[in-house]
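For reference, the structure discussed in these notes is given below.
To find a chain, count down the sequence lines: A is the first, B the second, and so on, and within it residues start at 1. Below, all heavy atoms of this structure are taken into account, side chains as well, without hydrogens, waters or symmetry copies.
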Number of protein chains: 2
Amino acid sequence: MLHDPAQLDLMFQALADPARRQMVDRLSRGPASVTQLAEPLEMSLSAVVQHLNLLEASGLVRTQKVGRVRTCQIEPKALRAAEHWINERRLSWERRLDRLGDFLAETKDEN
Amino acid sequence: MLHDPAQLDLMFQALADPARRQMVDRLSRGPASVTQLAEPLEMSLSAVVQHLNLLEASGLVRTQKVGRVRTCQIEPKALRAAEHWINERRLSWERRLDRLGDFLAETKDEN
DNA sequence: GCAATAGTTAAGTAAATGCTTCAGTGTTGA
DNA sequence: TCAACACTGAAGCATTTACTTAACTATTGC
């Protein structure tokens, strides 16, 4: 389910917004309530909740409500999926470059 | 310049669109012209050029024009920057979890 | 030279996004 | 019990985004 293209879509979409990345950054240092998440952001609490809902839908953040406070934490598996997508493409490219280098070295030897 | 927050912003923004990720995916297998990039995509060439310009502005793709064809290739450094941002946040979270685990194990020992 | 090719640019448009405000709901602590 | 607290949801609005079409420029091959 982590390599589901639709889920990957939601993840990259979620990471595209600076405010949401700031929220992820904050959460990478430990869990936080919605109000705590909102504190450094210059927008209404309502806006933060909307961002948070997107982050949760993308799978990047998990939340649970106890009493009246919603506690949020990062879901590292989801982060790893996004990381993995990028990593695979980069490696694919770099391997190609290596093979090209080898080829050029060989043809040079043959002269 | 790769950790410039504005550049990171452009990169994640660029990766947010499925068509652009498809283009990156294609390029990870080797260079391509604009027409080749457009071929599997169900949209006008014009739309592809607009996506490509965004990818180039983000630093993820580099292009050079020879005669009338623009050849595109991936810039692995930029991909690595995006990868790195995610990786740092994930590791930060996982280290925190580890410390928490250690703490719980210790306090258990003390009983 | 000239038609086909490869890409570029501008203008317009429909839908999506990122907010805001405001009016709620449920929870807690004194 | 009741005011403060921590959200939640809906409606509205300005901006941005992802296209389209159409008109254009610059190369190339015959």
B:N53 CG to C:dA6 C1', in whole Å, measures 14 Å
Atom CE of A:M23 and atom P of C:dC19 are separated, to the nearest Å, by 11 Å
5'-most contact on DNA chain C (nearest-nucleotide basis), B:L52 vs A:A16, goes to B:L52
Task: A:T71 and A:Q64 side chains, donor-acceptor separation under 3.5 Å - done: no
Taking only N and O in the side chain of B:K65, is any of them less than 4.0 Å away from OP1 or OP2 of C:dA6?
-> no
Taken to the nearest whole Å, CG/A:D9 to P/D:dA18 is 11 Å
Heavy-atom contacts, protein to nucleotides 19-30 of chain D, under 4.0 Å, summarised as B (base), S (sugar-phosphate only) or - (none) per nt, yield BBB-----BS--
Whole-Å distance, A:L54 CG to C:dA16 C1', equals 11 Å
B:Q13 side chain near D:dT16 phosphate (N/O to OP1/OP2, under 4.0 Å)
no
note: B:R20, atom CZ; D:dA18, atom C1'; distance rounded to Å ~ 8 Å
Here the distance between atom C1' of D:dC7 and atom CD of A:E56, to the nearest Å, is 13 Å
Residues passing the ring-ring contact (aromatic ring centres under 6.0 Å, His included) test with A:W93, sequence neighbours excluded, are none
Sorted by chain and residue number, the salt bridge (charged side-chain N to carboxylate O under 4.0 Å, His left out) partners of B:R26 (sequence neighbours excluded) come out as none
Review point. For A:S33 and D:dC7, is the shortest distance between a side-chain N/O and OP1 or OP2 below 4.0 Å?
Key: yes
In whole angstroms, the gap separating P of C:dT20 from CG of A:L41 amounts to 11 Å
By salt bridge (charged side-chain N to carboxylate O under 4.0 Å, His left out), A:R68 pairs with (sequence neighbours left out) none
A:R29 meets the salt bridge (charged side-chain N to carboxylate O under 4.0 Å, His left out) criterion, sequence neighbours left out, with A:D25
Lys/Arg-Asp/Glu bridge criterion (N-O < 4.0 Å) met for A:R89, A:E94
no
Applying salt bridge (charged side-chain N to carboxylate O under 4.0 Å, His left out) to B:R95 and not counting sequence neighbours gives none
Separation of D:dA18 atom C1' from B:R21 atom CZ, nearest Å, is 15 Å
